[in-house]
2 protein chains.
Amino acid sequence: MARTAGSHSDITGPRIREAALRLFAKHGYAAVSMRRIASEVGVQAGALYNYIPDKQALLFSLLKGHMDELLEAWDETAPGGDPLARLEAFVRFHIRFTLRRPESIFISYMELRNLEPENFIQIEALRGRYEAVLEQILRDGQAAGNLSVPDTRIAAFALIGMLTGVNTWYREGGRLSEDEVAALYWDMARKAVGAG
Amino acid sequence: MARTAGSHSDITGPRIREAALRLFAKHGYAAVSMRRIASEVGVQAGALYNYIPDKQALLFSLLKGHMDELLEAWDETAPGGDPLARLEAFVRFHIRFTLRRPESIFISYMELRNLEPENFIQIEALRGRYEAVLEQILRDGQAAGNLSVPDTRIAAFALIGMLTGVNTWYREGGRLSEDEVAALYWDMARKAVGAG
DNA sequence: TGTTTATCTGAACGTGCGTTCAGATCAAGC
DNA sequence: GCTTGATCTGAACGCACGTTCAGATAAACA
């Protein structure tokens, strides 16, 4: 793993991010040292600073990258039409994203408190945009009479909480496939918003 | 705040736990130093060690205390009879507990990864017992035909995730009262398990 | 082939960490 | 009022932290 001095790397940058993501998810931002990340990459700690200004920027970059990717992926997926179909698309999209990027999802909920204020504000705004997507679907469905939600805002939080919870128990190669999980959650989500 | 040497304290013990709980919830276990906790209590760091063997034991004690209290409180509440009524009781109980002890709930989800293995196993076992309570209710309801849940295990996870998510957005003195929140969540939970 | 330049090493910096402990302090019991 | 013993201070321990930087290295380009 050890890298010789002067050797290059178009890959060191990405590897730093991957190692940091994995370690932050496993042990938490504050519990992971720069030396540990560096050693995972096969490099001395000082070399990290060719790629990032400091540790905080590394965390922020991971969270920002994740939220951007999440919103972008939704924009590509987002169907029009029937609110109920859009809700199903959202549920399946969120489950899939959560199962495929468990570490990103994990740290973007867990490490918010380790962001410095100005960074926190940015990530929080992106999260708000994502939640607003779901809330809009619920409002449209409510207006169209497709579903019955007493409080669309709280319902959006409740659904996202329910869906995201999947990564507290899901393990790859377990008893249920991704599609089965998605089907189960869609079944509950659909009923929960009164689209029985 | 400063305490004079030699002064006593039947209250220092509890105050240490309160300060640690608050600080761990706000900044995370790894990010909070013993000196910080001590200063919050108005004492030097060394004095903490009259009450706890080490930092890890402090975290464990908080989590263990919380889980014991949770299970005990449920045992006192737990109604018999109709599975649907028991489910409602569980939902309302969980919401109330989550709203009243947000910091305990928070750290007992967030700081699991900072527990040493043997401590983790214990807390995880208690959590399992709590989840089993809900799953049993769902199974009974399913058997009695009161509700329709394709997979009781996943449904239990989904419901707990949904309910616990309340403390990501709820703030005291906000737009909704505790009872209103409980009513909204009960409405969604009930429908989600097909007891429309 | 020789030079340049991005990359990395290895050592160092000041700081703060968890924990220990001898000694100071003071409430309580005689 | 004296003694006892629990409680706390304040200094110290070795260690790890994030970050910096001069110098070594080797790939890329002339």
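All of these numbers come straight from a predicted model, not from anything done at the bench. Naming: A, B, ... by sequence-line order, numbering from 1 per chain.
- A cation-pi geometry, defined here as NZ or CZ lying under 6.0 Å from the six-membered ring centre and within 45° of its normal, holds between Arg127(B) and Tyr109(B).
- A heavy-atom distance below 4.5 Å is not found between the side chains of Glu135(A) and Glu131(A).
- Mapping Pro53(A) and Arg36(A) onto DNA chain D via the closest heavy atom, the residue that lands nearer the 5' end is Arg36(A).
- Annotation: cation-pi pair Arg101(B)/Phe97(B) present, NZ/CZ under 6.0 Å from the ring centroid and within 45° of its normal.
- The nearest whole Å value for the distance from the CD1 atom in Ile37(B) to the P atom in dG16(C) is 17 Å.
- Using a 4.5 Å heavy-atom cutoff, the side chains of Asn114(A) and Glu111(A) are in contact.
- Closest to the Val43(B) side chain, of the nucleotides dT9(D), dT19(C), dT9(C), is dT9(D).
- With rounding to whole Å, Asp54(A) atom CG is found 19 Å from dT15(C) atom P.
- Set against dT9(C), dG18(C), dT9(D), the side chain of Lys55(B) has dG18(C) as its closest nucleotide.
- Below 30°, between 30° and 60°, or above 60°: for Tyr130(A) and Phe93(A) the angle between ring planes is between 30° and 60°, a tilted geometry.
- Across residues 27-35 of chain B, Val32(B), Ser33(B), Met34(B), Arg35(B) each have a non-hydrogen atom less than 4.0 Å from an atom of DNA chain C (numbered order).
- Residue Tyr49(B) has no polar side-chain atom (N or O) positioned under 4.0 Å from OP1 or OP2 of dC8(D).
- Neither OP1 nor OP2 of dT7(C) sits under 4.0 Å from any side-chain N or O of Thr12(A).
- In this structure, CD of Gln44(B) is placed 14 Å from P of dA12(D), rounded to the nearest angstrom.
- One atom, CZ of Arg15(A), and another, C1' of dC8(C), lie 14 Å apart when rounded to the nearest Å.
- What separates CD of Gln56(A) from P of dC17(D) is a distance of 18 Å, to the nearest Å.
- A donor-acceptor pair under 3.5 Å is absent between the side-chain atoms of Thr164(B) and the main chain of Gly161(B), judged by distance alone.
- Distance Leu48(B) CG to dC8(D) C1': 11 Å, rounded to the nearest Å.
- With salt bridges taken as basic N to acidic carboxylate O contacts below 4.0 Å, none links Lys55(A) and Glu116(A).
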